[in-house]
Amino acid sequence: MTFGKGCHLHLIDGSAFIFRAYHALPPLTRKSDGLPIGAVAGFCNMLQRYIDGNNGSDAATHVAVIFDYSGKSFRNDLYDQYKANRPPAPEDLVPQFPLTREATRAFNIACEEIEGYEADDIIATLAHQARDAGGRVTIVSSDKDLMQLVGDGVEMLDPMKNKRIDREGVMEKFGVGPERVVDVQALAGDSVDNVPGAPGIGVKTAALLINEYGSLEELLDRAEEIKQPKRRQTLIEKRDQIEMSKKLVQLDCHMELDFTLDDLEVRDPDPEVLMHFLAEMEFRTLTKRIADQIGVEPPAIKDTDPRGAEPGEADTPEELPFKPEDYECVRDAAALAGWIAQARERGYVAVDTETTGLDEMRADLVGISLCIEPGKACYIPLAHKDGADDLFGSDNLAEGQMPLDEALDLLKPVLEDESVLKIGQNMKYDAKIFARYGVDVAPIDDTMLMSYAMNAGLHGHGMDTLSERYLGHTPIPIKSLLGSGKSQITFDRVPVDDAVKYAAEDADITLRLWQLFKPQLHQTRVTTVYETLERPLVPVLARMEMDGIKVDRDTLSRMSNAFAQKMAGFEAELYELAGHEFNVQSPAQVGAILFEEMGLEGGKKTKTGQWSTPADVLEDLATEHDFAARVLDYRQLQKLKSTYTDALQDHIHPETGRVHTSYLQSGANTGRLSSNDPNLQNIPVRSEEGRRIREAFVADEGKVLLSLDYSQIELRILAEIAGIDALKQAFKDGLDIHAMTASEMFDVPLGEMTPEIRRRAKAINFGVIYGISAFGLARNLRIPRAEAQDFITRYFERFPGIRTYMDETKEFAKEHGFVKTLFGRKINTPEITAKGPRAGFAQRAAINAPIQGTAADVIRRAMIRMPAAIEGLPAKMLLQVHDELLFEVDADRAEDVIARAREVMESAAAPAVHLSVPLTVDAGQGANWAEAH
DNA sequence: TGATTCACG
DNA sequence: GACGTACGTGAATCAG
């Protein structure tokens with residue numbers, strides 16, 4: 001058939017398919033020889049799904065998969081830095097590139113690439129040819145660089161979201177029509193492709209300018225007319241760079257091709273060729289499925305393992321499509337009872353709650369969703385309001401909801417049933433909500449924590465990330481229901497029909513992730529980490545967060561006023577010194593005064609071209625210049641006031657009078673917790689003035705606060721892991737470890753130790769934990785770099801085990817792509833193979849992770865055991881600050897609690913790990929945190 | 001939204 | 001030989 005009117009050309013962006021397939025699947029290998037083939041498997045799966053969907057009136061008559069030619073393109077001749085930021089393709093992906101070409105040909109689809117050009121140029125040329133011939137074109141890609149081609153019968157199809165992008169779609173994305181997209185891109189640049197553009201101008205501003213002036217050329221010619229001085233200057237000065245950027249983003253639609261549109265006609269695959277290829281790749285499930293589909297016998301696949309299929313074999317999981325319309329809305333007890341019966345029958349159910357907000361202490365329950373098996377999910381609306389559209393909303397409950405109490409009465413037995421596993425994504429949230437309604441959810445599994453145990457360091461563990469990555473599915477965005485900004489509504493105002501699709505989908509995704517992750521935990525050898533360090537911590541943290549800590553508003557308020565007064569004084573003094581008013585809070589303005597108006601030397605600029613004025617620079621200037629000293633004074637108070645005395649008051653819960661932080665269990669790659677809303681892990685302590693903020697953290701009447709903290713835990717763990725006998729002995733003997741290090745290094749007897757020498761040794765000890773470098777140590781101690789290097793050399797001579805540990809850890813990370821704590825926690829280090837400055841970062845992080853991570857594991861173990869240890873005592877564990885636990889206890893039982901808690905903390909490593917170094921815990925008590933610490 | 005600064009371990 | 005760096009977090013603020 002000659003290509004012409006009535007024809008429909010599909011152009012598939014092959015590279016996008018490959019990368020998506022690579023990231024969507026675990027790193028599968030071919031069983032017989034270990035060849036990595038995960039991306040090929042995913043690629044074939046996607047091609048097959050594409051073919052399945054290509055029917056009906058909109059079907060393609062012609063199709064091609066277009067690839068990038070490896071190596072440089074003509075754009076590198078225009079600009080040698082083009083795409084220079086791109087990291088090299090992952091090692092195990094490289095051998096799969098040619099295989100994806102083979103796969104395309106096996107499916108009998110035209111497969112094109114041309115040396116010196118990018119796939120986008122070929123796509124552009126073909127799209128133009130097809131349009132000129134009177135046909136339609138669909139570009140299967142989500143690459144924004146291709147949007148310039150849209151219009152006049154050319155559309156894009158985003159395969160991730162299954163969304164078509166037409167003129168309006170382009171307008172939405174770029175603020176201009178397709179014909180002006182390159183102009184906007186030329187101005188905005190692209191950090192991913194390293195297209196420079198015009199510095200300081202983003203897509204929004206670019207669109208504004210292009211719309212005002214009509215075109216890039218017009219804009220550049222009339223740049224003098226622009227009112228904003230900075231913008232005008234940029235456009236005039238960077239004209240060449242902008243024009244070059246346009247050449248970089250402009251696709252070439254007039255390439256010489258050695259094939260024609262007619263060569264791209266859709267053809268059926270040759271079953272024999274296709275089967276042979278799939279069998280060669282040893283795809284078992286996929287081969288069988290496609291064989292069934294085209295009605296042939298699947299070929300035998302050689303099986304080198306006589307035991308047959310193993311988990312993790314080269315195969316793709318069956319994918320069931322998401323069908324929001326199939327989710328059930330549960331409106332009465334009978335329907336709910338049916339779902340509960342199914343959950344009991346299976347012994348597990350995915351659960352998700354919908355509420356009026358993100359703060360579990362304040363949000364109210366709006367509905368509950370359940371999922372029994374992939375695709376089979378329901379939503380139980382409980383507190384939706386009607387009249388979501390009217391301005392003030394309505395307090396009337398929407399029709400067709402069962403009473404909340406009735407639903408909870410039915411659900412409570414199964415949610416608390418030991419024999420039914422409740423699966424959630426971030427279950428701590430849901431468990432806290434349920435707890436406020438009198439339901440103690442247990443036992444649980446948590447897909448967020450499963451991902452964290454397996455994939456810490458590789459990516460985030462939020463549901464959207466996991467769904468896209470592992471299910472190839474983009475969940476309905478919550479913003480599409482709630483809106484954003486000022487007009488944002490709460491979930492109870494969402495119409496029930498919309499809520500069903502969103503909420504049930506979340507439970508559905510959670511269940512699918514769980515099914516995928518459960519076997520992977522074993523394969524990645526982190527089941528023990530998940531079951532002993534992650535899952536059991538959930539109820540412990542939930543309890544601590546719900547208990548909260550009492551904070552005295554009056555104390556904070558008084559301090560706030562005092563700070564404000566002092567700051568006003570500093571401010572006046574600064575204006576005086578500068579000779580004019582300025583914004584003290586603006587580093588740029590402070591820098592301009594110091595380094596321009598006052599003409600001081602040594603100022604550095606940040607990468608954005610502003611003056612940089614961090615505290616250490618100001619400290620050096622402060623001895624000579626009052627101005628720098630006052631800025632430091634001002635900044636300290638500003639920090640204390642805004643972040644602590646002011647913000648903290650807003651976090652006091654109106655009913656409990658206490659502050660309820662939230663711990664994030666999967667936030668820090670090393671296994672540490674983090675604390676937010678508010679962060680109670682960074683309450684000031686180092687400065688005298690700041691420490692007084694801790695006086696506002698108080699014990700309830702008749703009680704005291706206890707603080708127990710591990711002494712030097714990271715150094716002890718370093719001594720243990722690196723096997724440094726001298727350090728270990730020093731800890732056993734209870735010596736001052738920094739003084740002892742100093743004595744060893746500088747040959748000073750302990751009796752003659754000076755604070756200065758000890759300080760240096762202490763800095764080195766900490767430096768070692770961080771993956772020491774001469775530069776870092778020099779900066780910290782403010783000594784010449786050569787001197788710092790001498791210290792390090794001497795340190796390594798005295799403690800040779802340290803260097804061995806560092807070298808071996810780096811080697812291990814390079815070989816495996818992760819490092820481990822003593823308890824088996826994995827911290828992935830994907831950047832370890834990077835080149836350039838990033839290599840250093842990755843290496844130091846890899847050295848630090850086992851030390852910081854093991855310490856984090858130890859205190860987690862202590863926390864998990866603590867509730868049982870203080871059972872029966874009138875005590876609560878309230879806060880964790882990495883190496884410190886804070887308790888609140890009846891004053892007369894403080895000593896009992898200290899004894900038990902200390903015992904738990906000091907023996908927390910056992911029996912899983914025997915430490916040859918003792919862990920010791922210091923304890924304090926008082927009416928407030930300042931006294932207890 | 002990203003950069004800068006600074007609080008903690 | 002130059003490059004550019006101490007490890008891990010969260011929050012407030014400026015600037016665009």
Side-chain angles (χ1 to χ4, degrees), chain A residues 191 199-205 228 230-231 234 456-457 583-591 605-618 631-632 635-644 646-648 651 661-664 667-687 689-691 693-694 709-710 712-714 718 763-764 766-781 785 788 792 827 835-853 855-856 859 879-884 933:
Chain A
S191 56
I201 294 185
V203 171
K204 281 271 160 61
T205 314
Q228 297 88 340
K230 199 145 198 196
R231 224 175 255 177
T234 305
N583 185 351
V584 187
Q585 302 197 65
S586 163
Q589 291 183 36
V590 168
K605 293 203 173 177
T606 66
K607 57 186 158 190
T608 52
Q610 305 279 15
W611 288 111
S612 171
T613 58
D616 54 346
V617 171
L618 296 185
V631 171
L632 283 170
R635 275 196 191 163
Q636 192 200 2
L637 294 187
Q638 160 67 19
K639 178 81 180 181
L640 295 177
K641 182 171 188 296
S642 68
T643 310
Y644 300 105
D646 286 350
L648 219 39
H651 283 285
T661 183
S662 181
Y663 288 101
L664 183 62
N669 291 337
T670 52
R672 273 195 179 179
L673 303 178
S674 74
S675 156
N676 58 42
D677 296 303
N679 183 354
L680 295 187
Q681 290 182 323
N682 70 346
I683 303 302
V685 69
R686 292 175 189 169
S687 78
E689 208 138 39
R691 185 155 54 236
I693 289 172
R694 295 188 174 218
D709 69 290
Y710 283 106
Q712 306 286 9
I713 186 169
E714 292 194 348
L718 171 69
I764 298 171
F766 277 107
V768 166
I769 291 172
Y770 298 150
I772 200 159
S773 76
F775 185 94
L777 184 64
R779 203 176 65 167
N780 190 289
L781 285 177
R785 207 161 123 187
I792 294 170
I827 297 111
K835 295 274 173 283
R838 291 196 307 181
F841 275 115
Q843 288 174 8
R844 291 192 295 273
I847 290 165
N848 172 260
I851 303 167
Q852 190 183 114
I859 197 167
L879 300 180
Q880 187 250 41
V881 193
H882 309 309
D883 63 0
E884 172 188 7
H933 189 79

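Each chain gets a letter, A, B and so on, in the order the sequences are listed, and its residues count up from 1.
- Nearest to the side chain of A/Arg694, among C/dG16, B/dC8, C/dT5, sits B/dC8.
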Practice prompt. Starting at the 5' end of DNA chain C, write a dot or bracket for each base, bracketing those in Watson-Crick or G-U wobble pairs whose two distances are under 3.5 Å and using | for partners on another strand.
Written response: ......|||||||||.

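- Atoms OG1 and CD, from A/Thr205 and A/Gln228 in turn, are 9.0 Å apart once rounded to the nearest 0.5 Å.
- When the nucleotides C/dT13, B/dA7, C/dA6 are ranked by their closest atom to the side chain of A/Gln636, B/dA7 comes out on top.
- Contact annotation: A/Ser586 does not reach the phosphate of C/dC14 (side-chain N/O to OP1 or OP2, under 4.0 Å).
- Under 3.5 Å, the side chains of A/Ser612 and A/Thr606 contain no donor-acceptor pair of N or O atoms.
- The side chain of A/Phe775 has C/dT5 as its nearest neighbour among C/dA15, C/dT5, C/dG4.
- In this structure, the side chain of A/Asn679 engages the main chain of A/Gln681 through a donor-acceptor pair within 3.5 Å.
- The nucleotide whose nearest atom lies closest to any side-chain atom of A/Ala668 is, among C/dT13, C/dG8, C/dG16, C/dG8.
- Side chains of A/Thr613 and A/Arg635: a donor on one and an acceptor on the other come within 3.5 Å.
- A donor-acceptor contact under 3.5 angstrom links the side-chain atoms of A/Arg844 to the base of C/dT5.
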Fill in: Evaluation steps, side-chain contact (heavy atoms from CB on, under 4.5 Å), between A/Arg844 and A/Tyr770
CA-CA 6 Å; A/Arg844 291 192 295 273; A/Tyr770 298 150; over 6 Å; no

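- Between A/Asn676 atom CG and C/dA11 atom P there is a gap of 5 Å when expressed in whole angstrom units.
- We find that A/Arg672 and A/Glu714 are joined by a salt bridge, their nearest charged nitrogen and carboxylate oxygen being less than 4.0 Å apart.
- When heavy atoms are screened at a 4.0 angstrom cut-off, A/Ser675 is found touching the sugar-phosphate backbone but no base atom.
- Of the candidates B/dT4, C/dG8, B/dA7, B/dT4 carries the atom nearest the A/Thr606 side chain, counting heavy atoms from C-beta on.
- Using a 4.0 Å heavy-atom cutoff across all strands shown, A/Glu714 reaches no nucleic acid atom at all.
- At the heavy-atom level, A/Thr643 lies under 4.0 Å from the strands shown only through sugar-phosphate atoms.
- Atom CD of A/Gln852 is separated from atom P of C/dC7 by 11 Å (rounded to the nearest Å).
- Looking at every heavy atom in both residues, A/Gln589 comes nearest to A/Asn583 through OE1-N, 2.8 Å.
- Of the candidate nucleotides C/dG10, C/dT5, C/dA6, C/dT5 has the atom lying nearest to any side-chain atom of A/Phe841.
- When distances run from any side-chain atom of A/Pro684 to the nucleotides C/dA6, B/dA7, C/dA15, the shortest one goes to B/dA7.
- When heavy atoms are screened at a 4.0 angstrom cut-off, A/Gln589 is found touching the sugar-phosphate backbone but no base atom.
- Base contact: A/Ala763 has a heavy atom under 4.0 Å from a base atom.
- For A/Arg686, taking side-chain heavy atoms from C-beta onward, the closest of the listed nucleotides B/dG9, C/dG16, C/dG10 is B/dG9.
- Counting non-hydrogen atoms under 4.0 angstrom, A/Gly767 reaches a base of the nucleic acid.
- The CG atom of A/Leu664 sits 20 Å away from the P atom of B/dG9 (whole-angstrom rounding).
- Side chains of A/Thr670 and A/Gln852: a donor on one and an acceptor on the other come within 3.5 Å.
- Within 4.0 Å (heavy atoms only), A/Arg691 reaches no atom of the nucleic acid at all.
- The side chain of A/Thr608 places no N or O atom within less than 4.0 Å of a non-bridging phosphate oxygen (OP1 or OP2) of B/dA3.
- Base contact: A/Asn682 has a heavy atom under 4.0 Å from a base atom.
- Atom CG in A/Asp883 sits roughly 18 Å away from atom P in C/dG8 (whole-Å rounding).
- With distances taken from any side-chain atom of A/Arg672 to the nucleotides C/dA12, C/dA6, C/dG8, the minimum falls on C/dG8.
- Atom NZ of A/Lys639 and atom P of B/dT5 are 12 Å apart (whole Å).
- At least one side-chain nitrogen or oxygen of A/Gln638 sits closer than 4.0 Å to the OP1 or OP2 atom of C/dT13.
- In this structure, the CD1 atom of A/Ile772 is 14 Å from the P atom of C/dA6, given to the nearest Å.
- A/Gly202 comes within 4.0 angstrom of nothing in the nucleic acid, heavy atoms only.
- At whole-Å resolution of the value, OH in A/Tyr644 and P in B/dA7 are 7 Å apart.
- Not one side-chain nitrogen or oxygen of A/Ser642 sits closer than 4.0 Å to the OP1 or OP2 atom of C/dA11.
- Using atom P as the reference point in both B/dT4 and C/dG4, the two lie 15 Å apart (nearest Å).
- Rounded to a whole Å, the CD1 atom of A/Ile683 is 11 Å from the C1' atom of C/dG10.
- For A/Ser612, counting side-chain heavy atoms from C-beta on, the closest listed nucleotide (B/dT5, C/dC7, B/dC6) is B/dT5.
- At the heavy-atom level, A/Ala647 lies under 4.0 Å from the strands shown only through sugar-phosphate atoms.
- The minimum heavy-atom distance linking A/Gly690 with A/Ser687 is given by the pair N-OG, 2.9 Å.
- The side-chain heavy atoms of A/His651 and A/Thr661, taken from C-beta on, include no pair separated by under 4.5 Å.
- Spacing of P atoms, B/dT5 relative to C/dT5, comes out at 14 Å, to the nearest Å.
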